[in-house]
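Structure, as structure tokens:
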Amino acid sequence: MTARDRILSAIRATLGPGKPANEIAVEAALLLEPVDTARPALVAPALPDAFAQKAAAIGTTIDRVSGMAGVPQAAARYLKAHGLPPRLAMQPTPELSALDWAGITPSPQIAPDEPAALGLALWGIAESGSLVIHSGPGNPILMSFLPLHHIVVLREATLLPYLEDYAARLSPQQVPRNAILITGPSGTTDIEGSYVRGAHGPGFLHVILVSGAG
Amino acid sequence: MTARFKDRVAAALADPVLKLAIDRTTGNAERKRAAAVADFPQFGAARARGQAIKDHVIAHLDHYLEMFERNATARGTQVHWAADDAEARAIVTNICLAANARRVTRSKSMLGEEIGLPHALADAGIERVETDLAEHIIQLAGEHPSHIIWPAMHRTREQVAELFKTAHQPPPAAEDPATMVQSARRVLREKFLSADVGISGANFLIADTGATCTVTNEGNAELTTTPPRIHIVTAGIEKLVPSTAHAFALLRLLVRSATGGEMTQYTTFHAGPRRTGDADGPEEMHIVLVDNGRTKMLANEFRDMLRCIRCGACMNHCVVYRQIGGHAYGGTYPGPMGSVLTPVLDGLAISRDLPNACTMNGRCAEVCPVGIPLPTLLRAWRRRSWREGLEPAPVRAGIGLWAQFARRPRLYRLATRLGLRVLRLFGRSGWISRLPLARGWTDYRDMPRPAAKSFMDQYRAEQRARK
Ligand code: SF4
């Protein structure tokens, strides 16, 4: 008997004959109802405000700009404020490369000790101040983990209230290879419980929150 | 192990530095958890829901395992099953050897410790690089984790500095945590990028997508699982949840209970190897589903323990853990949850001291985010230990003797009166600091000098006076 058979038959010997799959699915769905009673309330009525408050509370810095055209300037402002050279490793996605990067040199490659990288979040989650990224041709995962400064563009239009709203947007048979919720800069409390930023991932997380359609 | 457990406890109690280190971390954790729960008025409802989700999965475990296997396979993940720790070790090392792996990076996984993976990799001649900062520290120290969330919490910053001074080239310039974290970041960065295999654990296995879910704060998990050619996940079969939304419901409990945060910095879902066009990611993904005693727990009185989401709150709030730290427990998992699990994993015969070393104050069950009745489970182990004749002769004889007297009330009262007189001889100041036959008690605490008269005698006198 294989280990698989041994494990499954041990379980069945204890649990007895199972219910039909559709009944189990109904039971599972009901476990999440009513959804509001078991999750925290948003900290502000407007999603951008709620997101910004939550993100700031965990050490993410925020710059709110209107329109995507304002993104390169906001990125340049950030680099300058941190004394960084005007260079960025940039996620190879058309929404970002289509912008006018005059003054900044974007690169689709990322070095192991890259000072700063810029990416685009698929969604933001207001409940927790989290950013969602998915792996794919336009998004190397290491872009979000190798740099010391991680700058993320987030469109207000892509803000979701709760974690469940993100889950609802995933189609189970088409989940990405790697989905990551980023909630604040990398940190550790492993030495005497004292908090230190930038353990392995970025020590700085900066969100450019973009309002408007453009 | 009786003597050894006592010896370990004695050594821990005699170590003032250890006490300081434990107090710092658990004290912080307790305060932060309390604040996080106070900030989440729905915590009670969320806990009831979390418990119901886990119970539902456990009640349909075969269904969810098969569903997960089907979906993970459809995403291109290779699913393996291991009935025990030896099988799990063999599966993982064989994957590494078949790939001619020389260097393996590991991101913290308690299941990996449970199945003895670090040792197995060393035996197979494979270089193992622990990437979680705490695991890096204990790897350098040649130790085991002493806590399931903060594995190196027993070490002070000075002790960590000592380790880094010899292991890091160049050594860190200062002893403050920030400088030492930077040093580890630099040293480990090159190892991440040159590893052949990355091994991680999973906090949840999502049945309807076939994805694994792992939570970390440092970002080491992504650096462990992305660059190498092969990614291996080891996970217990109790980690299943029906869907991503169910995982989120449990995450709200897990993070608040573990660190007092709301979300860990990185919540990562992995579903299969690199796809066509992907910019990075491993070429192979394997998952090893490990039983190792879990189907036995399903069938016996310890089924509730399968709900455990490994948050560590029970140990942070345990008066015994906070005195002796994690190593004294002698198993992979310390604290109250460890005292329930270690007898399952290592056998009751060598671990019967653990369920006995509990004050039954109930704090652990109060804070457990999935409502595990830990004291009840510990009492169940005590009963078993008694039934199976594992309690040592003096205890059996002592309780047997007590039973003889207890069945004869007059004799019992006579004996207590006698006992009280003798006991009072030992304590003049109101406290007894040395007592023959009870040094295990009086070495570390005093015993109050007993009342002059037994309760029954005082009660009778009171009744007589009232008449
Ligand atoms: S027993 Fe409960 S409190 Fe302890 S680690 Fe498990 S889930 Fe957390």
Side-chain angles (χ1 to χ4, degrees), chain A residues 2-4 6-8 10-15 18-19 21 24 27-28 31-32 37-40 92 112-113 128 130 135-137 139-142 145 163-164 167-168 170 172-173 175-194 196 198-202, chain B residues 24-25 28 40 42 45-46 49 52-53 56 60-63 81-83 87 133-134 150 152 156-157 160 177-178 180-181 185 189 193 208-209 211 217-220 222-223 226 242 244-245 248-249 252 262-263 265-272 274-275 277-281 291 295 298-299:
Chain A
T2 64
R4 181 184 188 278
R6 269 180 288 156
I7 293 171
L8 287 174
I11 294 170
R12 287 183 184 129
T14 303
L15 296 179
K19 283 190 196 170
I24 298 176
E27 212 177 277
L31 288 171
L32 298 174
T37 54
R39 65 186 182 189
D113 52 353
S128 52
S130 306
S135 63
N139 193 12
I141 290 301
L142 290 180
F145 289 90
L163 292 165
E164 283 84 0
L170 291 173
Q173 296 308 309
V175 289
R177 176 186 70 75
N178 192 183
I180 304 177
L181 275 59
I182 300 178
T183 313
S186 152
T188 181
T189 51
D190 277 346
I191 302 177
E192 288 189 355
S194 77
V196 178
H200 289 298
Chain B
R24 276 184 190 157
T25 305
N28 249 330
F40 183 26
Q42 301 83 353
R49 181 162 299 179
I53 292 171
H56 166 84
H60 305 291
L61 194 55
D62 51 338
H63 167 80
W81 302 68
E87 286 185 16
L133 180 65
W150 295 281
T156 61
R157 71 181 69 188
V160 175
M180 292 195 283
V181 170
R185 177 187 173 104
R189 191 49 72 100
L193 300 172
D208 74 341
T209 65
N217 289 320
E218 298 180 1
N220 61 311
E222 287 72 11
L223 291 171
T226 309
T244 309
F248 285 143
R252 290 195 182 103
E262 292 183 15
M263 284 284 275
Q265 276 87 332
Y266 305 108
T267 306
T268 305
F269 298 85
H270 286 287
R274 184 191 291 217
R275 299 184 189 165
D278 269 4
D280 51 15
D291 177 350
T295 50
L298 182 72

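Here is the naming used below: chain letters follow the sequence lines, and residue numbers restart at 1 for every chain.
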>> Using heavy-atom distances under 4.5 Å, tell me whether A/P92 contacts chain B through its side chain, its backbone, both, or neither.
In response: neither
>> Which atoms of A/S130 are under 4.5 Å from chain B, going by heavy atoms: the side chain, the backbone, both sets, or neither?
In response: side chain
>> Report which part of B/T268 has an atom under 4.5 Å of a heavy atom belonging to chain A: side chain, backbone, both, or neither.
In response: both
>> With chain B as the partner, which of A/G187, A/A10, A/S128, A/P112 has the greatest number of non-hydrogen pairs under 4.5 Å?
In response: A/G187
> Which bit of A/A21 is near chain B, if near means a heavy-atom gap under 4.5 Å: side chain, backbone, both or neither?
Replying inline: both
> If every non-hydrogen atom of A/T14 is compared with every non-hydrogen atom of B/L298, which pair is closest and at what distance?
Replying inline: CG2-O, 3.6 Å
> For the candidates B/G272, B/A211, B/A279, which exhibits the highest count of non-hydrogen atom pairs separated by less than 4.5 Å from chain A?
Replying inline: B/A279
> Counting N and O atoms only, with roles assigned by atom type, does the side chain of A/R39 sit under 3.5 Å from a partner on the main chain of B/A46, one being a donor and the other an acceptor?
Replying inline: no
> Are the side chain of B/R185 and the backbone N or O of A/G198 linked by a donor-acceptor pair below 3.5 Å?
Replying inline: yes
> Which bit of A/L163 comes within less than 4.5 Å of chain B, counting heavy atoms only: side chain, backbone, both or neither?
Replying inline: both
> Between B/V181, B/T244, B/L193, which shows the greatest number of heavy-atom pairs under 4.5 Å with chain A?
Replying inline: B/V181
> How far apart are the closest heavy atoms of B/T25 and A/E192, and which atoms are they?
Replying inline: OG1-C, 4.1 Å
> Looking only at heavy atoms, what is the nearest atom pair of A/L32 and B/A245, with distance?
Replying inline: CD1-CB, 3.7 Å
> Any idea which heavy atoms bring A/L31 and B/A52 closest together, and the distance?
Replying inline: CD2-CB, 3.7 Å
>> Just so I understand: if I count every heavy-atom pair under 4.5 Å between each of B/V160, B/N28, B/T156 and chain A, which residue has the most?
In response: B/T156
> Who among B/H56, B/E262, B/H63, B/H270 has the most heavy-atom pairs with chain A under 4.5 Å?
Replying inline: B/H56
>> Let's test your reading of the structure: which of B/P242, B/A178, B/A249 forms the most heavy-atom pairs below 4.5 Å with chain A?
In response: B/A178
>> For the backbone of A/L142 and the side chain of B/D280, can you confirm whether one donor and one acceptor N or O come within less than 3.5 Å of each other?
In response: yes
> Does the side chain of A/P137 come within less than 4.5 Å of B/D278's, by heavy atoms?
Replying inline: yes
>> Less than 4.5 Å apart, side chain to side chain, heavy atoms only: is that true for B/R252 and A/P40?
In response: yes
>> Given heavy-atom pairs under 4.5 angstrom as the criterion, report whether the side chain, backbone, both or neither of A/R4 touches chain B.
In response: both
> Can you tell which of A/I180, A/I24, A/L8 has the highest number of heavy-atom pairs within less than 4.5 Å of chain B?
Replying inline: A/I24
> Any idea which heavy atoms bring B/F40 and A/A38 closest together, and the distance?
Replying inline: CZ-O, 3.7 Å
> Without hydrogens or angle criteria, can the side chains of A/T189 and B/W150 be said to hold a donor-acceptor pair below 3.5 Å?
Replying inline: yes
> By a 4.5 Å heavy-atom criterion (distance strictly below it), what part of B/R157 contacts chain A: side chain, backbone, both, or neither?
Replying inline: both
> Who passes side chain to side chain donor-acceptor pair (under 3.5 Å) against B/D291, sequence neighbours left out?
Replying inline: B/T295
>> Using side-chain heavy atoms (C-beta onward) and a distance below 4.5 Å, is A/P176 in contact with B/F269?
In response: no
> Is it the backbone or the side chain of A/L170 that comes under 4.5 Å from a heavy atom of chain B, or both, or neither?
Replying inline: side chain
> For chain A, which of B/A45, B/A299, B/A271 has the most heavy-atom pairs under 4.5 Å?
Replying inline: B/A271
> Got a second to check how far A/Q173's CD is from B/D208's CG, nearest 0.5 Å?
Replying inline: 8.0 Å
>> Please rank A/D113, A/I191, A/L181 by heavy-atom pairs under 4.5 Å with chain B and give me the top one.
In response: A/L181
> Taking all non-hydrogen atoms of both residues, which atom of A/R12 and which atom of B/D62 are closest, and how far apart?
Replying inline: NE-OD2, 3.0 Å
> Among A/S194, A/A13, A/P185, which has the most heavy-atom pairs under 4.5 Å with chain B?
Replying inline: A/P185
>> side-chain contact (heavy atoms from CB on, under 4.5 Å) for A/T37 and B/R49? Distances and angles first, verdict last.
In response: CA-CA 10 Å; A/T37 54; B/R49 181 162 299 179; 3.6 Å; yes
> Say you draw a straight line from CD of B/E222 to OG of A/S135; how long is it, rounded to the nearest 0.5 Å?
Replying inline: 11.5 Å
